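Computed from a prediction, not measured in an experiment: that's the story for all the values here. Naming: A, B, ... by sequence-line order, numbering from 1 per chain.
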Amino acid sequence: MSLPGPLVAIVGPTASGKSELADRVAQALGSSVVSIDAMQVYRGMDVGTAKTPVDERRRPLLMVDVVDITCDYSAQRFQQTARQVIDDLLADGVTPVLCGGTGLYLNAVIDDMRFPSGAIGGTRRRHYEQLLDAMGADALHAELARRDPQSARLIHPHNARRVIRALEMQDEGRSYAQHHQGLHARRPWYDARIWGIELDRDELYRRIDRRVDEMFAHGLVEEVERLVGQGLRERRTASQAIGYKEVLQALDGELTLDEAREVIKRRTRRYAKRQISWFSHDERVRWIRADDLERAVSLVVDEVSSEGPEASKDEDDGTVQAF
RNA sequence: GGCUGGGUAGCUCAGUUGGUAGAGCAGGGGACUGAAAAUCCCUGUGUCGGGGGUUCGACUCCCUCCCCAGCCA
């Protein structure tokens, strides 16, 4: 049984030029772009997430502005809605163009990733967080080791966030270790053609610096002020986003605006490194340089259109290490 | 021109009574199934400004030159 598809995915580190490439590819395919980004889902978070402005979009941009910042989103919710969106496009006979840098969300959508069904968060999580404060990370990890030694072995004691998650799963009668597959062993859910944008580190960092400066020029501070009125400070997910967190600190007088700008750049660089690390361990990704946009567009487009939706077997066709 | 401080890892600096160097930050690498732009782990050799000398041995002492900062002319 062949997988649904095909679909195209453009991935890569932040500020590498994914959005433009994806938009152009979607234009060529008469399709839409599906954003794979944990922060662009939030309504009102625009300049800080580098969301392509409406009037610059050649094709519809989906999976952005789907919730208010007061909502604490999750990978599972993203999986559900994004798959619905993708399936609708496929049903219309077009090739969806996914685009984004949130590795977990990408894999949650295009791979067979199953989340436990129980509820999340709420009082139980608060309970564990209080426990963490009271006993410390090592003791909490020891508690996990007592209840679920297999999972405890997979999680570093200091990674309290994941320790808590594993304890929650244990409460649901599940084990983190059972669901854990690592990045390598994932089964595809869709027939996805994944392209990664590659560029020199120096050039990437220059682009990041430029982008951050542009965000300030385009009203990042005003955007944050506006969102504060909507409760940004109280939200744990939205308020920790790069750019938002630091401007919030600046508004609180903990940083000067210039310091905030530097911290944002540094944090973005590190984020980019994590993205590269995540995507470079997926063997399906074919890396391309986007120096020549036209060439990149036709490379991606030709690859799907030459085969047609039928010939979509998920085989490793000699993986072009494109130019 | 004279005096006084300084010149040690990309940056800021430590370096004990002479035994060929070490922190913070930056940077690099990695993990990853419900917060993921999050969370967590690993990672520090550089002509100790140049040259000469003393010494078994000098980043550490002496001489000299170069550079920087401040003060005095």
Report task. Would you classify A/Arg77 as touching base, sugar-phosphate or nothing, given that sugar-phosphate means primed atoms plus P, OP1 and OP2, and contacts are heavy atoms under 4.0 Å? Result -> nothing
**Report entry** Length of the line joining A/Gln80:CD and B/U33:C1', which is rounded to integer Å
**Finding:** 14 Å
Query raised in the report: Are A/Glu143 and A/Arg146 close enough for a salt bridge, meaning some N to O gap below 4.0 Å?
Result: yes
Query - N/O (side chain, A/Thr102) to phosphate O (OP1/OP2, B/A37) under 4.0 Å - result: yes
Query - Contact check, side chains of A/Gln40 and A/Met63, non-hydrogen atoms, under 4.5 Å - result: no
Requested in this report: Compare side-chain N and O positions of A/His180 against OP1 and OP2 of B/U33 and report whether any pair is under 4.0 Å apart.
Outcome: yes
**Report entry** Aromatic ring pairing A/Tyr105/A/Tyr73, orientation class (parallel under 30°, perpendicular over 60°, tilted between)
**Finding:** tilted
Query raised in the report: When you check the gap from the basic side-chain N to the acidic O, do A/Asp111 and A/Arg284 get nearer than 4.0 Å?
Result: yes
Query raised in the report: Would you say B/C41 has OP1 or OP2 under 4.0 Å from some side-chain N or O of A/His158?
Result: yes
Query raised in the report: Taking CG from A/Leu132 and P from B/C40, how many angstroms apart are they, rounded to a whole number?
Result: 11 Å
Query raised in the report: Is the distance from OP1 or OP2 of B/A36 to the nearest side-chain N or O of A/Tyr105 less than 4.0 Å?
Result: yes
Query raised in the report: With sugar-phosphate meaning primed atoms plus P, OP1 and OP2, does A/Arg266 contact a base, only sugar-phosphate, or nothing at under 4.0 Å between heavy atoms?
Result: sugar-phosphate
**Report entry** Atom P, compared across B/C42 and B/A23: separation rounded to whole Å
**Finding:** 15 Å
Query raised in the report: What integer number of Å spans the P atoms of B/C61 and B/G18?
Result: 8 Å
Query raised in the report: Any side-chain N or O of A/Tyr271 less than 4.0 Å from the OP1 or OP2 oxygen of B/U39?
Result: no
Requested in this report: Determine the contact category for A/Glu262: base if any of its heavy atoms lies under 4.0 Å from a base atom, sugar-phosphate if only primed atoms, P, OP1 or OP2 are that close, otherwise nothing.
Outcome: nothing
Requested in this report: Determine: side-chain N/O of A/Arg274 to OP1/OP2 of B/A37, distance under 4.0 Å, yes or no.
Outcome: no
Requested in this report: Tell which nucleotide pairs with B/G1, taking only Watson-Crick or G-U wobble pairs whose two distances are both under 3.5 angstrom.
Outcome: B/C72
Report task. In sequence, state the C-alpha distance, the side-chain angles, and the governing distance for A/Glu168 and A/Arg165, and then conclude on salt bridge (charged side-chain N to carboxylate O under 4.0 Å, His left out). Result -> CA-CA 5 Å; A/Glu168 288 173 348; A/Arg165 178 85 267 271; 3.1 Å; yes
Report summary line: 5'-most contact on RNA chain B (nearest-nucleotide basis), A/Ile242 vs A/His156, goes to A/Ile242
Report summary line: Rounded to whole Å, the CG-P distance (A/Leu104 to B/A35) equals 8 Å
**Report entry** Same-atom distance (C1') from B/G5 to B/A31, integer angstrom
**Finding:** 48 Å
Requested in this report: Using the P atoms only, state how far B/A26 lies from B/U12, rounded to an integer number of Å.
Outcome: 15 Å
Query raised in the report: With a 4.0 Å cut-off on heavy atoms, is A/Asp37 in touch with a base, just the backbone sugar-phosphate, or nothing at all?
Result: base
Query raised in the report: Taking only side-chain nitrogens and oxygens of A/Arg270, does any of them come within less than 4.0 Å of OP1 or OP2 of B/G27?
Result: yes
**Report entry** P-based separation of B/G15 from B/G7 [nearest Å]
**Finding:** 10 Å
Query raised in the report: In whole angstroms, how far is the P atom of B/U39 from the CD atom of A/Gln275?
Result: 15 Å
Report task. Answer with base, sugar-phosphate or nothing: what part of the nucleic acid does A/Tyr176 contact at a heavy-atom distance below 4.0 Å? Result -> sugar-phosphate
Query raised in the report: To the side chain of A/Tyr205, which of B/G27, B/C32, B/A35 is closest?
Result: B/G27
Requested in this report: Determine the contact category for A/Gly243: base if any of its heavy atoms lies under 4.0 Å from a base atom, sugar-phosphate if only primed atoms, P, OP1 or OP2 are that close, otherwise nothing.
Outcome: nothing
Query - A/Phe216 six-ring face occupied by A/Arg261 cation (under 6.0 Å, within 45°) - result: yes
Query raised in the report: Is the shortest side-chain N/O distance from A/His281 to OP1 or OP2 of B/A31 below 4.0 Å?
Result: yes
Query - Among B/A37, B/A31, B/C40, the one nearest A/Arg162 by side-chain distance - result: B/A31
Query raised in the report: Would you say a side-chain N or O of A/Ser277 is under 4.0 Å from OP1 or OP2 of B/A31?
Result: yes
**Report entry** Separation of the C1' atoms in B/U17 and B/G53, to the nearest angstrom
**Finding:** 22 Å
**Report entry** C1' spacing across the pair B/C13 / B/C63, given as an integer number of angstrom
**Finding:** 28 Å
Query - Below 4.0 Å: OP1/OP2 of B/G27 and any side-chain N or O of A/Arg269 - result: yes
Query raised in the report: Base, sugar-phosphate alone, or nothing: which one does A/Thr268 contact when heavy atoms must sit under 4.0 Å apart?
Result: nothing
Query - For atom CZ of A/Arg236 and atom P of B/A37, their distance in whole Å - result: 16 Å
Query raised in the report: Is any side-chain N or O of A/Lys273 under 3.5 Å from a base N or O of B/G30, one able to act as donor and the other as acceptor?
Result: no
Report summary line: Applying the 3.5 Å cut-off to both distances, the Watson-Crick or G-U partner of B/G24 turns out to be B/C11
Query raised in the report: Judged by atom type as modelled, is there a donor-acceptor pair below 3.5 Å linking the side chain of A/Arg233 to the main-chain atoms of A/Ser239?
Result: no
Query raised in the report: Who does B/A31 pair with, Watson-Crick or G-U, both distances under 3.5 Å?
Result: B/U39
**Report entry** Single-linkage hydrophobic cluster A/Ile155~A/Trp278, side-chain heavy atoms < 4.5 angstrom
**Finding:** no
Query - Separation of the C1' atoms in B/U43 and B/G2, to the nearest angstrom - result: 49 Å
Query raised in the report: Taking OP1 and OP2 of B/G28, is either one under 4.0 Å from a side-chain nitrogen or oxygen of A/Arg201?
Result: yes
Query raised in the report: Once you round it to whole Å, what is the distance between C1' of B/A35 and CD1 of A/Ile69?
Result: 15 Å
**Report entry** Opposite nucleotide pairing with B/G44, Watson-Crick or G-U, both atom distances under 3.5 Å
**Finding:** none
Report summary line: A/Ile276 atom CD1 is separated from B/A37 atom P, nearest whole Å, by 14 Å
Query raised in the report: Where does the angle between the aromatic ring planes of A/Tyr176 and A/His180 fall among parallel (under 30°), tilted (30 to 60°) and perpendicular (over 60°)?
Result: tilted
Report task. Return the 5'-most residue of the pair A/Tyr244, A/Leu154 with respect to RNA chain B, ranking by each residue's nearest nucleotide. Result -> A/Leu154
Query raised in the report: What is the distance, rounded to the nearest whole Å, between atom CG of A/Leu144 and atom P of B/C40?
Result: 17 Å
